[in-house]
Structure formats: C-alpha cells, structure tokens
Amino acid sequence: MTYEKNMNKPAIAAVVPAAGIGSRMQASCPKQYLTLLERPVLSHTLATLLACQAISHVYVALAAHDRRFEQLAEAQHPQLSTVAGGDTRGASVLAGVQAAQQAGYDFVAVHDAARPCLSQQDLAQVIAAGVSHSDGAILATPVRDSMKHADAQQQIIANVDRNDVWQALTPQVFRTDLLLAALQQMGVNHPQMTDEASAVQYFGRTPMLVTGSVKNLKITHPEDLAIAAAYLSMPSSASVSTAE
C-alpha cells in the first residue's frame, strides 16, 4: 500500500515485530499467539494500533513459517500488511521500516507484538512527541523500585541510583529515514541493540522520553498473562494512562 500524502497530516505507519518465539514463556506456541481474554495477544495489540486515527497502516513482521497469523481477525484488515521477519528483533524491525519507507511513510511507530495493554492516550502522546521532536520519542516509565547491580552468582555488588533511571517501553516513534539509517549503521545483530532508541542513540541522537502507563507491560513470563487480563478487564483500561 502506498500512502496518499496529506500536507496537513504526517504519514505514520506502525511496525510490529512478531517473528519471535518467546522462549521464556515456556509455551507451546509463540507468546504473541497465546490466548488472552479469548483472543490471541497479538490481536489485542493490532486492534489498538488499527483503531488509532493517526496511524494509516500497520506492517507486521512474521517468521517464515508462521501459519497462525492468517487465522487472526485482523489479518485481512485493509490497513495491514505483512513482511518477512528476521532472526533477530532488529532484523524484523528493519524489514518493517524498509516497507514503510518504500510506501512513502514519513514516520514509524514501532510497537512490541506482546504489549497488548497499550492505551490510545499513551499512543497519541508518544506519536505527538515523536513527530514534533527531531530525534523521536519513546514511551517509558520512571523506575520506582530499588535497583541492584549483581555479579554472575547473583550476589549484590552495588546499589544503582534510580533517580533519572527509566524503563523503556513501546511504541517508539521516529522519522522513517532516521530510524532506517540508525538501524543500518548499528547493524541489526549488534548486542547493544535492545530497542529502536538504542540504534538512534548509537547514531548520535537523543530521543525524548514520554511518561507512559505501567499497564503497558510486555508479556514475557507466564504470570504476565494474568496481569494483562486484569488490566484489559478494567473499565478504564482504554482511556486511563498514568505512571502509577
């Protein structure tokens, strides 16, 4: 799909890397396809992105032999396309960003497939910041708990000052050309590429942090499904977005 430019509205696409297997979930299928409130986790994620008026198209990066995606209700949505994912998250993101650039999108919002509790308010705020700030913006939450640095034996060796320490979330929003150049310069297999902001920082830029909700958790461990279900079942889950 090629975006028909509107001079009064930036062209924004979402990129969802969904080629991972989620080994820490110890599940029989990739975590993005686990059932959450009678729907796959990925369905919740895509529904939120597709409902956002600022996002014109969603690119989902899939594993080569993925046969589950086509069974999702969102799979045939006219504003959604799939691309071939890679062996790493960075490679999958790169594939989606390249597709967005080829279609003429000025900005990309990269969001984890396994973050199903994103609110429309947080999504709108990070898009607004990412579009207005030349180096992009990401959702994040200030660290609230005591932080420790440990050795290989899990023994505490130092305290970490939590002041000015934030936990990075997604979406992460950047100009398409900036993120593409940053990913290509850093390399998608670089060990320090933990998120898109890492690549943009490596490129010499300073993205903004936008305070997001702690409800925007990433499904990583088995107990996270129950927590996500509780958040999504809250009457205000679609509209409330604060750093509790």
Side-chain angles (χ1 to χ4, degrees), residues 1-17 44-60 77 79-80 93 96-97 99-101 103-143 164-183 194-201 203-218 231-232 234 236-244:
M1 171 185 173
T2 301
Y3 182 81
E4 194 170 317
K5 288 184 177 287
N6 181 335
M7 298 304 293
N8 298 316
K9 179 182 177 183
I12 304 171
V15 173
V16 180
H44 292 278
T45 302
L46 295 177
T48 298
L49 297 174
L50 291 166
C52 177
Q53 294 185 354
I55 294 174
S56 299
H57 204 75
V58 177
Y59 293 92
V60 185
H77 196 287
Q79 292 175 257
L80 186 148
V93 170
V97 173
Q101 185 197 49
Y105 288 96
D106 303 316
F107 295 88
V108 286
V110 182
H111 187 53
D112 294 326
R115 288 190 190 271
C117 301
L118 173 66
S119 72
Q120 289 293 338
Q121 182 176 336
D122 275 12
L123 179 54
Q125 289 178 342
V126 73
I127 286 176
V131 168
S132 62
H133 186 57
S134 61
D135 293 345
I138 75 170
L139 280 181
T141 56
V143 170
D164 301 323
V165 176
W166 293 64
Q167 178 183 351
L169 311 174
T170 67
Q172 303 194 358
V173 182
F174 303 97
R175 290 197 333 268
T176 306
D177 59 350
L178 170 61
L179 182 55
L180 182 58
L183 291 170
T194 56
D195 62 356
E196 292 65 56
S198 300
V200 174
Q201 291 171 260
F203 200 61
R205 302 300 184 89
T206 53
M208 284 185 61
L209 296 173
V210 176
T211 303
S213 173
V214 295
K215 295 185 180 74
N216 184 17
L217 85 167
K218 185 176 183 179
Y231 285 155
L232 289 173
M234 293 178 180
S236 58
S237 62
S239 59
V240 175
S241 175
T242 59
E244 294 92 340

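Quick caveat: nothing in here was measured; it's all calculated off a predicted structure.
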task = State the CG-CG distance between Leu118 and Asp112, to the nearest 0.5 angstrom.
result = 10.5 Å

key: Full working for side-chain contact (heavy atoms from CB on, under 4.5 Å) between Ile55 and Leu50   = CA-CA 7 Å; Ile55 294 174; Leu50 291 166; over 6 Å; no

message = side-chain contact (heavy atoms from CB on, under 4.5 Å) for Leu123 and Leu49? Distances and angles first, verdict last.
response = CA-CA 8 Å; Leu123 179 54; Leu49 297 174; 4.2 Å; yes

key: Heavy-atom donor-acceptor pair, Glu196 side chain to Leu179 backbone, under 3.5 Å   = no

query = Where do Ala181 and Phe203 come nearest, in terms of heavy atoms and distance?
reply = CB-CZ, 3.8 Å

ask   = Is there side-chain contact between Leu178 and Val200, with at least one heavy-atom pair below 4.5 Å?
value = yes

key: For Lys215 against Cys117, the heavy-atom pair lying closest together   = O-CB, 3.1 Å

ask   = Backbone N or O of Ala13 within a donor-acceptor pair of the Ser56 side chain at under 3.5 Å?
value = no

request  = Work out which heavy atom in Thr45 is nearest to a heavy atom in Pro116; give both atom names and the distance.
outcome  = OG1-CA, 3.5 Å

message = If we ignore hydrogens and angles and just use 3.5 Å, is the side chain of Asp195 paired with the main-chain N or O of Ser198 as donor and acceptor?
response = yes

inquiry  = With a 3.5 Å distance limit and no angle check, can you tell me whether His133 reaches the backbone of Thr206 through a side-chain donor-acceptor pair?
reply    = yes

Rounded distance [0.5 Å steps], CG in Leu183 versus CZ in Phe174 = 9.0 Å

key: Distance (rounded to the nearest 0.5 Å) between Leu209 CG and Gln167 CD   = 12.0 Å

request  = Search all heavy atoms of Gly104 against all heavy atoms of Ala11 and return the closest pair with its distance.
outcome  = O-CB, 4.0 Å

query = Do the ring planes of Tyr105 and Tyr59 sit parallel (below 30°), tilted (30 to 60°) or perpendicular (above 60°)?
reply = perpendicular

inquiry  = On a heavy-atom basis, which atom in Val108 and which in Ala100 lie closest, and how many Å separate them?
reply    = CG1-CB, 3.6 Å

message = Between Leu232 and His44, does the side-chain contact (heavy atoms from CB on, under 4.5 Å) criterion hold? Intermediate values first, please.
response = CA-CA 9 Å; Leu232 289 173; His44 292 278; 3.8 Å; yes

key: Polar side-chain atom of Thr176 near backbone of Gln101 as donor-acceptor pair, under 3.5 Å   = no

query = From Thr170 OG1 over to Lys218 NZ, what is the distance, rounded to the nearest 0.5 angstrom?
reply = 7.5 Å

ask   = Does the side chain of Pro171 come within less than 4.5 Å of Ile127's, by heavy atoms?
value = no

inquiry  = Is it the case that the side chain of Gln172 and the backbone of Ile138 share a donor-acceptor pair, with hydrogens and angles ignored and the cut-off at 3.5 Å?
reply    = no

request  = Look up atom CD1 in Ile12 and atom CD in Gln53, then write down how far apart they are to the nearest 0.5 Å.
outcome  = 12.0 Å

Over all atoms of both residues, closest heavy-atom pair of Gly212 and Leu139 = CA-CD2, 4.0 Å

message = Checking the side chain of His111 only, and the main-chain atoms of Val16 only, is there a donor and an acceptor separated by less than 3.5 Å?
response = no

note = dist Arg115:CZ -> Thr48:OG1 (nearest 0.5 Å) comes out at 13.5 Å

request  = For side-chain contact (heavy atoms from CB on, under 4.5 Å), just list the numbers for Val60 and Leu80, CA-CA rounded to whole Å, side-chain angles, deciding distance to a tenth of an Å, and then say yes or no.
outcome  = CA-CA 8 Å; Val60 185; Leu80 186 148; 4.1 Å; yes

task = State, without any angle test, whether Asn216 and Ser213 hold a side-chain donor-acceptor pair at a distance under 3.5 Å.
result = no

